[in-house]
Amino acid sequence: MYFIANWKMFGSTNSINTINKVISLTKLSKFRNTKIVYCPPYTILEKFVKKTKKTKIKIGAQNCHYDKNFGAYTGSINAMMIKQVGAKFIILGHSENRENGDTDHIINLKIKSSLNENLKVIFCFGEKLSERRQNKTYEVIKKQIKIGLKNVKRLNNIIFAYEPVWSIGTGKILKNTDLEIQISKIKSYIKKNFKIKNPKILYGGSVNPKNIRSFSKIKLLGGFLIGGASQNPKKFIDIIKKSIN
Ligand code: PGA
C-alpha cells in the first residue's frame, strides 16, 4: 500500500522533525510493506531526502517543468534537477496544477521527462463537479489518461491517482460503492489500453482518519494520496494504521 503525503505549499525548514514518528512507524515489522512517500515543497526536498536516507521512506516532488534540459524558465525546476537532489517520485497532473495551466499535453511531456530521469510518476487525474453532474466522469478520466500517456514507455514506473477535483480539500467524498466501480473501470481501461499488468491505483481527496476505514475496504486500491491530513503526523499515522489493520 502506498501512502503519499502531498504537502502542497506548506512546510518550512523546521517541518522536518514532524516526520520522526512516521519514521519510527516504518521500523515496525507490521508496516514492512507500507510504502510512504513524502512530497514536500521544492525548498525542503533535499532536507527530507537526507533525513530519510536510512529509512524506507521515499521522497518526491510535486511538479516539474516539462523541459528535460536546462533553460530560460524563470522560477521553474525540471525532472533532472529533482532527481539530482535524491527524490525518487514526482506528482504530475494534480488538479491544482491543471488549474494553473497544465494541459493533458503538457502533463504528457512532464511524464516523459520524469520517467527519463528514472523518477516514479504519481499521475493524477479526475473529474470536476460540473463534469460529474453531466455524467462525464469516465469520459473525462479516459481522455486525461489517454493523452497523458501518449507514447510513454516505462509504464511500470507510473502509479495512478484518481482524485475527483470536487473532493480535494472539501471533505466531500464518493460513496464507497461508487468509488469501487470507478476504480474498477479505470483499472480495466488502463489494462486494456496500455501494457501494464497490474496498475496501482490510488485514491485521493479528503482522506482522513475518520473515513479511511471505509476507503480501505476497497481491495482494488493500491493506496492513498493524502493532502491536508498528511501534514499532521498524528493524523497521517492514524490513517496508515487504520488502513493496514
Ligand atoms: P486533500 O488533498 O487530502 O487535502 O483533499 C489531496 C490532494 O490534493 O492530493
Side-chain angles (χ1 to χ4, degrees), residues 1-11 15 18-19 22 34-42 44-45 48 57-64 82 87-102 107 110-111 114 119-129 131-132 137 140-141 144-145 148 158-176 178-179 182-183 186 200-216 218 221-243:
M1 288 292 276
Y2 275 96
F3 296 88
I4 317 266
N6 174 13
W7 274 23
K8 312 192 177 189
M9 200 172 73
F10 293 93
S15 309
T18 64
I19 74 168
V22 180
T34 309
K35 295 185 191 305
I36 297 174
V37 183
Y38 268 97
C39 301
Y42 295 132
I44 46 176
L45 261 185
F48 271 64
I57 294 176
K58 297 277 182 277
I59 304 303
Q62 300 170 15
N63 197 6
C64 69
I82 289 163
K88 301 275 189 258
F89 286 76
I90 185 161
I91 297 173
L92 293 173
H94 193 283
S95 64
E96 284 151 16
N97 293 320
R98 290 180 186 265
E99 200 59 38
N100 282 331
D102 271 12
I107 293 162
K110 291 183 178 190
I111 291 177
S114 297
L119 293 171
K120 274 199 194 306
V121 169
I122 301 150
F123 173 28
C124 306
F125 48 84
E127 82 287 2
K128 294 180 188 159
L129 189 57
E131 292 160 341
R132 179 173 162 75
T137 300
V140 168
I141 293 173
Q144 290 174 336
I145 298 176
I158 298 178
I159 297 162
F160 298 85
Y162 171 50
E163 297 205 302
V165 180
W166 51 272
S167 179
I168 297 174
T170 59
K172 293 190 184 121
I173 51 171
L174 271 166
K175 268 198 268 164
N176 243 30
D178 290 344
L179 180 57
Q182 208 57 261
I183 298 294
I186 295 168
K200 272 244 176 270
I201 310 197
L202 318 185
Y203 168 77
S206 293
V207 173
N208 64 37
K210 284 194 185 124
N211 58 29
I212 189 66
R213 276 216 203 277
S214 124
F215 281 137
S216 57
I218 303 177
L221 281 176
F224 301 93
L225 178 49
I226 306 149
S230 72
Q231 292 155 40
N232 175 322
K234 196 171 166 299
K235 285 188 185 166
F236 193 44
I237 288 173
D238 221 18
I239 290 171
I240 298 169
K241 280 186 175 166
K242 283 180 177 163
S243 40

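Bear in mind that the values here come from a model prediction, so they are computed numbers and not experimental data. Both ligands and their constituent atoms are indexed starting at 1 by order of listing.
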Trainee: Does the residue S206 have a heavy-atom contact with ligand 1, meaning some pair of atoms that are separated by less than 4.0 Å?
Mentor: yes
Trainee: Would you say the ring centers of Y38 and F236 fall short of 6.0 Å from each other?
Mentor: yes
Trainee: Is the shortest N/O to N/O distance between G169 and ligand 1 below 3.5 Å?
Mentor: yes
Trainee: Is H94 close to ligand 1, meaning an N/O of one under 3.5 Å from an N/O of the other?
Mentor: yes
Trainee: Quick check against the 3.5 Å criterion: does K110 have a side-chain atom that pairs as donor or acceptor with the backbone of C64?
Mentor: yes
Trainee: Need the ligand 1 atom indices (1-based, order shown) with element for anything under 4.0 Å from a heavy-atom of L225.
Mentor: 9 (O)
Trainee: Looking only at protein heavy atoms, which one is nearest to atom 9 (O) of ligand 1, and how far off is it?
Mentor: E163 OE2, 2.7 Å
Trainee: Under a 3.5 Å distance rule, please check whether Q144 uses its side chain to pair with a backbone N or O of G126 as donor and acceptor.
Mentor: yes
Trainee: Around atom 4 (O) of ligand 1, find the nearest protein heavy atom and jot down its residue, atom name and distance.
Mentor: G228 N, 2.9 Å
Trainee: Quick one: does K242's side chain have a donor or acceptor within less than 3.5 Å of a partner on P209's backbone?
Mentor: yes
Trainee: How does N6 reach ligand 1, if at all, at less than 4.0 Å between non-hydrogen atoms: by side chain, backbone, both, or neither?
Mentor: side chain
Trainee: I want to know if ligand 1 touches G227 in the polar sense, i.e. an N/O pair below 3.5 angstrom.
Mentor: yes
Trainee: Are T137 and Q182 packed together at the side-chain level, in the sense that at least one heavy-atom pair is separated by less than 4.5 angstrom?
Mentor: yes
Trainee: Does ligand 1 have any atom that is closer than 4.0 Å to a heavy atom of A229?
Mentor: no
Trainee: Suppose I only count heavy atoms of G205 and a 4.0 Å limit; which atoms of ligand 1 are within that range?
Mentor: 5 (O)
Trainee: When the aromatic ring centroids of F160 and Y162 are compared, is their separation below 6.0 Å?
Mentor: no
Trainee: Answer with yes or no after comparing the ring centroid distance for Y2 and F224 against a 6.0 Å cut-off, counting only values under it.
Mentor: no
